[in-house]
Number of protein chains: 2
Amino acid sequence: MDTALQIDDLRDDFIARMGVVAANDGMPRMSGQVFAMLVFEGEEVAFGDLAKGLSVSRATISTSIRLLEERGLIRRINKAGDRQDYFKLADDAYAAMTRCAIAATRRSKSEIDATIDKLPDEATAVRDRLQAFAGFYEAISTALEDATLRVSQPKHDTAQSLRPADTEIEQ
Amino acid sequence: MDTALQIDDLRDDFIARMGVVAANDGMPRMSGQVFAMLVFEGEEVAFGDLAKGLSVSRATISTSIRLLEERGLIRRINKAGDRQDYFKLADDAYAAMTRCAIAATRRSKSEIDATIDKLPDEATAVRDRLQAFAGFYEAISTALEDATLRVSQPKHDTAQSLRPADTEIEQ
DNA sequence: CAGTGTGTTCAGATATATCTGAACGCTCTT
DNA sequence: AAGAGCGTTCAGATATATCTGAACACACTG
């Protein structure tokens, strides 16, 4: 019991920290906290439990989840005989995060390229400088692509993988 | 003259775009715009010209510059006989950006590690999951370190490199 | 078919980061 | 030594992103 309480405190602390990390990454804090809760729990978590566990409204959970789903970081699961939606980390959650980072880097680069394309031919010095800048984003992009190969899959909860699979209907 | 006007429009458009890019990266928009102006101009730009060119107060320039200086992205230059401060991109500006990204990734990882260290021994499943999460940041960190080798130096303005160097006192 | 529980949406409230204007200290000039 | 110009700081204004509560549509239950 003592350990269980300690674990709960650690979980809440972890969730709070990941909220800050997410905010530093330009993500909504709550999205980071939902993700953190799913990482910590390992097994599927019900929509309502997310709201309760994070002490926020269901509306906030709804929008946080939409963002995480759009990015392919989490999966929604329907259980037969249960009207609530459940969520768990996507099997390739970390690879998906990397893909998102790559996409963001490419968008940044293309903003530079847009200006390069419009430069008059004689503006060679400016073009060189902007291309060096774009090259930076290109280098980051390439590095992240290499990282995709090294990123491992999230660990599933052991108990979870022993359950019968036919009670879940993944969407 | 027609070309000169067009270039000015392109510059303003570029600066506006880079402000948005910076904001997406979790940086203040103005820091991105100051950086963009220095990239575009290539040569040193006076403090006052930054404020005028970006249509913001000198206070804003001051704080934007502090951030960029702290990160090692720009250099402050004192010219003999001129009381204004001048700024240009650091020689290793893009490498510095990469280093900042690495540092941010490491900070994120250490937030996870802080929880891992406090976990009781028997929480093996949770530990495995958090370590997989931390491994993601580790992979990104490693990839960015590789990128450092590939990131090139910003191009200097050609005219600039022909000027006598003894009129500048870099700090 | 009314009632309950579910997730979504959206206008408005809230919190947060960002920018400004004024005051300040400093240096150089005269 | 007074004045002008410079960059910095900070309280307050502003803008923006984020969260909430209420209304809604839908599905299942009794």
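Note on naming: letters A, B, ... go to the chains in the order of the sequence lines (proteins, then strands), and numbering restarts at 1 for each one. Reckoned from all heavy atoms, side chains included, excluding hydrogens, waters and symmetry mates.
By the 4.0 Å N-to-carboxylate-O rule, A/Asp91 lies too far from A/Arg75 to be salt-bridged with it. The existence of a salt bridge linking A/Glu43 and A/Lys88 is excluded, since no basic side-chain nitrogen approaches an acidic carboxylate oxygen closer than 4.0 Å. For the pair A/Arg99 and A/Glu145, the salt-bridge criterion is not met [side-chain N within less than 4.0 Å of a carboxylate O].
Contact check, B/Ser62 against D/dT8: a side-chain N or O comes under 4.0 Å of OP1 or OP2. Look at B/Arg76 and you'll find a side-chain N or O under 4.0 angstrom from OP1 or OP2 of D/dT8. In this structure, B/Ser57 does not reach the C/dG21 phosphate: none of its side-chain N or O atoms is under 4.0 Å from OP1 or OP2. An OP1 or OP2 oxygen of D/dA22 is reached within less than 4.0 angstrom by no side-chain nitrogen or oxygen of A/Arg58.
Applying the 6.0 Å contact sphere to CZ of B/Arg11 captures more than 12 heavy atoms from other residues, nucleotides or ligands. Atom NZ of B/Lys118 sits in a crowded spot, with more than 12 heavy atoms from other residues, nucleotides or ligands closer than 6.0 Å.
Regarding B/Gln84, its CD atom lies at a distance of 10 Å from the C1' atom of D/dG7, rounded to whole Å. Straight-line distance from the CD1 atom of B/Ile61 to the P atom of D/dT9: 15 Å, rounded to whole Å. The distance from atom CZ of B/Phe47 to atom P of C/dT27 is 17 Å, rounded to the nearest whole Å. When the P atom of C/dT8 is taken as reference, atom CG of A/Leu68 falls 12 Å away, rounded to whole Å. Distance CZ (A/Arg29) to C1' (D/dT16): 14 Å, rounded to an integer number of Å. A straight line from CZ of B/Phe87 to C1' of D/dT8 spans 12 Å, rounded to a whole angstrom. Rounded to a whole Å, the CE atom of B/Met30 is 15 Å from the P atom of D/dA15. The CG-P distance, from B/Leu50 to D/dT8, rounds to 12 Å in whole Å.
Side chain A/Arg83 to base C/dT6: no donor-acceptor pair is found below 3.5 Å.
When the nearest nucleotides of DNA chain D are assigned to B/Thr60 and A/Pro28 by heavy-atom distance, the more 5′-ward of the two goes with B/Thr60.
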